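Only one structure is covered here, and it is reproduced in the block below.
So you know, we letter chains A, B, ... as the sequences are listed, proteins then strands, and number each from 1. Predicted, not measured: the structure shown is a model, and the values here were computed from it.
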Amino acid sequence: MFRWFHKLASLKNFYRLAEILLPWLAAICAILLVVGLYRGLFVAPTDYEQGESYRIIYVHVPAAWMSMFVYVVMAFCSAIFLVWKMKLADIVAEVSAPIGAAFTFLALSTGSLWGKPMWGTWWEWDARLTSELILLFLYIGYMALRSAFDNRRTAAKAAAVLALVGVVNIPIIHFSVEWWNTLHQPASITKFDKPSIHISMLIPLLMMAVGFKLFYIVNMLSRARSVILEREANTAWVTERVKENRL
Amino acid sequence: MNPKRKQKLILVCAMVAGAGIAIALLANVFKNNIQLFYTPTEVAEGKVPDGAEFKVGGLVAADSVKRIGDGLTVEFRLTDNGETVPVRYTGILPDLFREGQGTVSVGKLNSDGIFIANKVLAKHDENYMPPEVADALEKTKAAGESEKHGSNTVLMQ
């Protein structure tokens, strides 16, 4: 197990593994997103109360889940990097930040579009909305901090510390609707309870959720590959690949 | 584990714990400001800011919505199944506004104890279902209620 871990941690092996996995993951992701969107937008029944407007959940909810998931991945990798100095963990954290920021922005903007007709407001400073906005700022701050240093090692360390401190925001986002009274509704799908969303609406939602997750993985892997190439530009294995013209 | 890494691991854990405690203390201090709205009970107890704008949240009481005068002005009562607050609002109501629905009203109390709202927001719950399922639920609920002599089963979240 530990040997396998070490092997994966070598940038060369990771680069190769990602190369093999990428086309498969991308294909499954595309299928899930297309089928999930079609079933969500055209096949799933209308809601008894919100009518057609509820269909925003097929983008909004997976995006919001992913905005938190990506941050947790980022913080976890930052911890591994700080303690074990694993280069790969640093790279994964670095390339995850812009993807996470995009998911957060998507969740905020789709929520706002839905909020106007349903709640009657584009934005309300309730605990859920505000903590999600702070998450967006954390992502942006992380990227800014990283690019503020000339030295890559210093940048990586400082950014990792920021990612770790910011992780306290994740439980706040998740539990905000239970701890305080908010305009945002509580979760429809929890681990321990029967979901309070009808099964015909739930299945496309879960397809979209898995599709979004794969979208993140595909994006993260291909970005990580570019960063690995850049960092390992002077090594023998990269030179060899360049010579053989297969990057 | 080598001692240097162990030390770093402890440092990382302490950092996350420290940040967590700091935020928890802050959240505790600002507890009342983080709450989006006051409940009708809190309004009745006089816990609301005097003369300033604030928000009241609750369910729109059954059979309380009245349109008056120009057709744009609405009066209704907000309840948390304990106290109620009468609300007057002139303007366009959100799609989800209806009796029994959770809403948040923004405005001020006038001298007669009527809440003059300048904004009414609808609060949605976490239930999503097709209309047929909602109908079926409504029927079983109605049947159950007539057995219980029409007791009110609407609970505030």
Near B:Ile92 CD1, under 6.0 Å, is it more than 12 heavy atoms from other residues, nucleotides or ligands? no
Looking only at non-hydrogen atoms, find the nearest pair between A:Thr182 and B:Leu36 and report the distance. C-CD2, 3.9 Å
Do A:Val165 and B:Val16 have side-chain heavy atoms sitting under 4.5 Å apart? no
Relative to chain A, which segment of B:Gln101 carries a heavy atom at a distance below 4.5 Å: side chain, backbone, both, or neither? side chain
With chain A, the option among B:Ala24, B:Pro94, B:Pro130, B:Ala19 that has the most non-hydrogen atom pairs under 4.5 Å is B:Pro130
Can you tell me if B:Gln7 has over 12 outside heavy atoms packed within less than 6.0 Å of its CD? no
Please identify each residue that fulfils ring-ring contact (aromatic ring centres under 6.0 Å, His included) with A:Phe42, with sequence neighbours left out. A:Tyr38
Do A:Met118 and B:Lys123 touch side chain to side chain, with heavy atoms closer than 4.5 Å? no
Which residues, numbered in order, of residues 122-148 of chain A come under 4.5 angstrom of chain B by heavy-atom distance? A:Glu124, A:Trp125, A:Asp126, A:Ala127
Among pairs that include at least one residue of residues 62-95 of chain B, which meet ring-ring contact (aromatic ring centres under 6.0 Å, His included), considering only residues two or more places apart or in two chains? B:Phe76-B:Phe97
Does A:Lys87 have more than 12 heavy atoms from other residues, nucleotides or ligands lying within 6.0 Å of its NZ? no
Residue A:Lys116 versus chain B: region with a heavy atom under 4.5 Å: neither
Between A:Val83 and chain B, with a heavy-atom cut-off of 4.5 Å, which part of the residue counts as in contact: side chain, backbone, both or neither? both
Sort out for me which of A:Val168, A:Ile172, A:Asp47 touches chain B most, counting heavy-atom pairs under 4.5 Å. A:Asp47
Report the distance from atom CG of B:Asn2 to atom CH2 of A:Trp84, rounding to the nearest 0.5 Å. 10.5 Å
Would you call the rings of A:Tyr54 and B:Tyr128 parallel, tilted or perpendicular, taking 30° and 60° as the class edges? tilted
Heavy atoms only: give me the nearest A:Tyr48-B:Pro131 pair and the separation to one decimal. CB-CA, 3.6 Å
Quick one: which of A:Gly120, A:Pro117, A:Ala160 has the most heavy-atom pairs under 4.5 Å with chain B, could you say? A:Pro117
Counting only heavy atoms not in A:Phe76 (residues, nucleotides, ligands), do more than 12 fall under 6.0 Å from its CZ? no
Turns out that what part of B:Lys6 lies under 4.5 Å from chain A's heavy atoms comes down to neither
Spell out the residues in residues 197-212 of chain A that have some non-hydrogen atom less than 4.5 Å away from a non-hydrogen atom of chain B, in order of number; otherwise answer 'none'. A:Ile197, A:His198, A:Ser200, A:Met201
Counting only heavy atoms closer than 4.5 Å, note whether B:Met129 contacts chain A via side chain, backbone, both or neither. both
Interface residue of largest heavy-atom contact number with chain B, from A:Asn181, A:Leu82, A:Leu183, A:Leu164, under 4.5 Å: A:Asn181
How about A:Tyr216: does its OH atom have over 12 heavy atoms from other parts shown lying under 6.0 Å from it? yes
Would you call B:His124 and A:Gln50 a side-chain contact if the rule is heavy atoms closer than 4.5 Å? yes
In terms of heavy-atom proximity below 4.5 Å to chain A, should B:Leu9 be classed as side chain, backbone, both, or neither? both
Give, as side chain, backbone, both or neither, the part of A:Ala75 having an atom under 4.5 angstrom from any heavy atom of chain B. neither
